[in-house]
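Encoded as structure tokens, the structure appears first; notes follow it.
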Amino acid sequence: MIGAADASRYSPDATMTNDAESSHPQRQPQSLFLPSRPMATGSQIVISNVRRGAVARWSSSLIPTTREAPKDAEVPSHVLLHRGGFIRPVGAGIYDYLPLALRVINKVADIVREEMNAAGASELLMPALEPFELFKDTKRDEAYGDNLFRVKDRKGRMNALAPTHEEVITDLMIGCVNSYKQLPLNLYQVQTKFRDEARPRAGLLRCREFIMKDAYSFHATLEGPGGLNDTYDAMYRAYTNIFTRCQLDFSAVEAESGPIGGSASHEFMVNCASGEDTILKCLKSGYAANVEKCDVGPRPGPSKGYFAGEATGTLEEHHTPNLPGIDDVAKFMKVKPENMLKTIVFKVQSSAEDLAKYGEEWVVAVVRGDHDVNEGKVRDVSGCKIALADVKEAEAKGFAIGFVSPRACVGQKGVLMIVDRDAAVGFDDAKAKSMFWVTGGDKKDYHVKHFNWQRDLGKDPLDAQGFATDKGFPVGGLRGGDKDMVVADIRNAMVGDPSPKLAGEKLTASRGIEVGHIFKLGTKYSEAMGLQILDEKQQKQTVIMGCYGIGVSRTMAACVEMSHDENGPVWPNAIAPYHVILCMLQPADAAQQQLCKQLASELSAAGVDVLIDDRDDRPGPKFKDADLTGIPIRVTLADKALAAGGVEFKLRRDKTGKGDIVAVADVVAKCVATLNS
RNA sequence: CGGGGUGUAGCGCAGCUUGGUAGCGCGUUUCGUUCGGGACGAAAAGGUCGCAGGUUCAAAUCCUGUCACCCCGACCA
């Protein structure tokens with residue numbers, strides 16, 4: 001997608017103007033062949049609005065390709081970006097962006113800017129360094145914890161290296177905006193962010209310092225023109241445009257809003273098998289969500305009712321030492337994980353007030369061994385803020401962490417047990433026979449076999465009436481409720497579950513890398529920090545906010561994960577560092593130099609970015625290096641073909657070693673046509 | 001934060017068990033021969049062996065401490 005219509009901020013005269021170069025003995029003398037510096041004609045400044053491509057020479061750039069990558073580089077994007085001379089490590093999770101990488105990043109950022117501007121947002125730039133007090137109001141110093149970089153200045157004051165800018169921009173707005181007439185506003189920046197990740201890994205995919213576009217919107221209303229929903233939808237469209245224009249294969253999925261708070265959120269994920277996040281999709285309805293958020297469609301309950309089923313044998317205790325995981329225990333006990341019950345203990349995070357009123361409270365979640373508990377769903381069903389219980393605390397309460405069974409909850413005060421629908425059964429409908437469970441033995445290093453809900457729980461499980469099959473079930477045994485046990489959907493969705501959007505459809509799974517995330521923040525920050533405006537009735541009103549992020553440097557890495565082969569990245573045209581690499585096999589040959597200049601000039605005039613490989617090296621290494629740059633088109637100038645008036649034209653994505661011989665007169669048109677197709 | 005591992009030339013590694021002049025491959029420089037998918041020959045430059053203590057006549061090697069980096073997990077806009 002290039003061409004004259006594609007206005008660009010690259011200054012066309014940024015290359016080939018190094019006067020000192022001609023005196024450098026190692027370099028080819030060269031002339032300026034881009035007469036494009038804005039020139040004064042009379043009193044008028046003429047500025048071209050046609051995009052000219054950049055032209056650069058390998059010999060005067062820094063593109064340090066290597067045959068081998070550092071041994072700690074494991075994922076493809078890390079290995080290939082290093083080998084291709086895009087990045088170099090500086091420290092753990094900190095990288096230099098070398099010229100090629102910066103060109104990719106700038107191309108992504110330019111697309112981001114164009115689409116953000118088109119969607120009505122304005123760019124600004126906030127500092128990376130913030131006084132620590134700003135984080136105190138919103139308590140995010142605690143929420144971020146050790147992930148927040150702290151910097152002490154010479155006066156002993158604490159500062160933060162910003163992981164994100166909600167506080168700074170909200171503070172800014174407090175000083176600038178006080179009327180509904182000034183809203184809505186949507187402000188963004190492209191800036192370096194800092195997070196002291198516990199474990200930086202995978203090269204650019206999880207760094208401690210990275211480049212991000214973050215946008216924040218401010219509204220007087222939720223609905224209607226200028227409301228948050230309006231801007232949120234505009235951002236959704238802008239993001240779709242951005243990643244489409246970057247020519248990435250991506251999915252927009254529903255997501256949990258996470259610790260940043262807020263009510264609705266979508267993630268934009270680059271699809272690739274090596275991604276860290278799992279996405280569940282209903283292919284027919286188009287519904288997609290991340291595992292944490294994904295809903296499960298309606299399912300029939302067990303045919304004989306919850307918990308119903310005959311015991312299959314006497315309760316046997318087995319000694320199971322040194323088996324850390326469910327799978328290990330299952331193997332040892334000779335059962336499948338789906339025949340095991342996993343019992344997870346959460347502690348209710350009570351306010352001091354609630355603690356005085358209700359005492360310590362716990363929520364125990366029971367799911368099948370092959371399922372994962374979804375903390376968000378447990379939170380919603382219990383109606384309480386919860387966190388995974390501290391092992392020592394839980395053990396003091398009588399839970400043998402690692403070996404807990406549902407029986408441990410019976411008769412305990414302030415404990416709500418939530419049993420997942422798939423765990424609350426005693427009869428296997430598929431096999432048409434009663435089933436048994438393996439559960440913890442409620443003491444260290446013991447598990448039991450043949451657990452039966454009705455026989456072995458120590459109480460009638462059918463007390464768990466009024467099954468909480470939906471979110472928002474009133475609090476059970478906690479806070480004065482009359483149930484201490486409920487059945488509900490509390491596990492992560494998984495492959496094969498019914499689609500929540502379309503009856504009869506099943507969910508499929510795929511992997512992705514998160515590159516964008518949009519949130520409806522609501523009033524979390526404006527309320528905490530006191531951002532208010534006067535509305536048309538002269539009433540004070542708390543401003544409604546949204547925020548919208550794109551990992552720019554991560555997008556570059558994700559693109560390589562999505563599109564590469566063993567020889568290097570394969571960039572899409574839209575964000576390739578250059579579009580064409582002109583590979584001179586006899587760089588000392590005067591005729592070849594002349595032709596190279598001519599082609600570069602013509603390509604540049606057509607808006608094509610050109611890298612000239614003018615190094616005096618053998619063909620083999622030059623071709624390997626060309627592949628490592630991932631530049632979409634390689635045009636090779638070599639004596640034999642040239643004698644017949646031809647050059648070689650080869651696409652990076654084509655596997656074959658050799659390209660086609662094209663007449664010199666046609667090659668520029670062919671490049672442009674290929675790039676625009 | 002828990003478990004595991006690694007620090008020796010720009011990169012990849014050997015040497016350490018059993019202390020005795022610091023090596024190999026790639027890359028780099030020079031010369032020559034090559035020249036369409038990471039060439040060949042000859043010569044050369046380049047390391048206070050992560051750092052600090054200790055043991056010893058002598059430490060890359062043994063001991064103690066420390067720092068850095070990586071992997072798995074926990075965590076995670």
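All values reported here derive from a predicted model rather than from experimental measurement. Every chain is numbered from 1 and lettered A, B, ... according to where its sequence line falls, protein lines coming before strand lines.
With sequence neighbours excluded, no residue satisfies salt bridge (Lys or Arg N to Asp or Glu O under 4.0 Å) with K281(A). Applying the side chain to side chain donor-acceptor pair (under 3.5 Å) test to R491(A) and every residue at least two apart in sequence or in another chain returns H371(A), D422(A), D497(A). Taking the side chain to side chain donor-acceptor pair (under 3.5 Å) definition, one finds that N567(A) meets it with nothing, sequence neighbours left out. For E68(A), there are no side chain to side chain donor-acceptor pair (under 3.5 Å) partners at least two apart in sequence or on another chain. For the side chain to side chain contact (heavy atoms under 4.5 Å, CB included) test, residues two or more places apart in sequence or in another chain that qualify with R653(A) are V570(A), L651(A). Here Y97(A) pairs with nothing under the side chain to side chain donor-acceptor pair (under 3.5 Å) rule; sequence neighbours left out. Applying the side chain to side chain contact (heavy atoms under 4.5 Å, CB included) test to L222(A) and every residue at least two apart in sequence or in another chain returns L228(A), N229(A), I544(A). With sequence neighbours excluded, the residues satisfying salt bridge (Lys or Arg N to Asp or Glu O under 4.0 Å) with K622(A) are D613(A).
Contacts of residues 633-649 of chain A with RNA chain B (heavy atom under 4.0 Å): R634(A), A638(A), K640(A), E648(A).
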Under-3.5 Å N/O pairs linking protein and nucleotides 32-35 of chain B:
{"from": "U34(B)", "atom 1": "O2", "to": "R618(A)", "atom 2": "NH1", "distance (Å)": "3.3"}

Polar atom pairs between nucleotides 5-11 of chain B and protein, under 3.5 Å, N or O only, would you list them?
{"from": "U6(B)", "atom 1": "O2'", "to": "K71(A)", "atom 2": "NZ", "distance (Å)": "3.1"}

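For D625(A) and G38(B), a side-chain-to-base donor-acceptor distance below 3.5 Å is present, hydrogens and geometry of angles not being considered.
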Under 3.5 Å, side-chain donor or acceptor atoms of residues 635-643 of chain A against the rest of the protein: list the pairs with distances, not counting sequence neighbours.
{"from": "T636(A)", "atom 1": "OG1", "to": "R634(A)", "atom 2": "NE", "distance (Å)": "3.2"}
{"from": "T636(A)", "atom 1": "OG1", "to": "E648(A)", "atom 2": "OE1", "distance (Å)": "3.0"}
{"from": "D639(A)", "atom 1": "OD2", "to": "Q586(A)", "atom 2": "NE2", "distance (Å)": "3.4"}

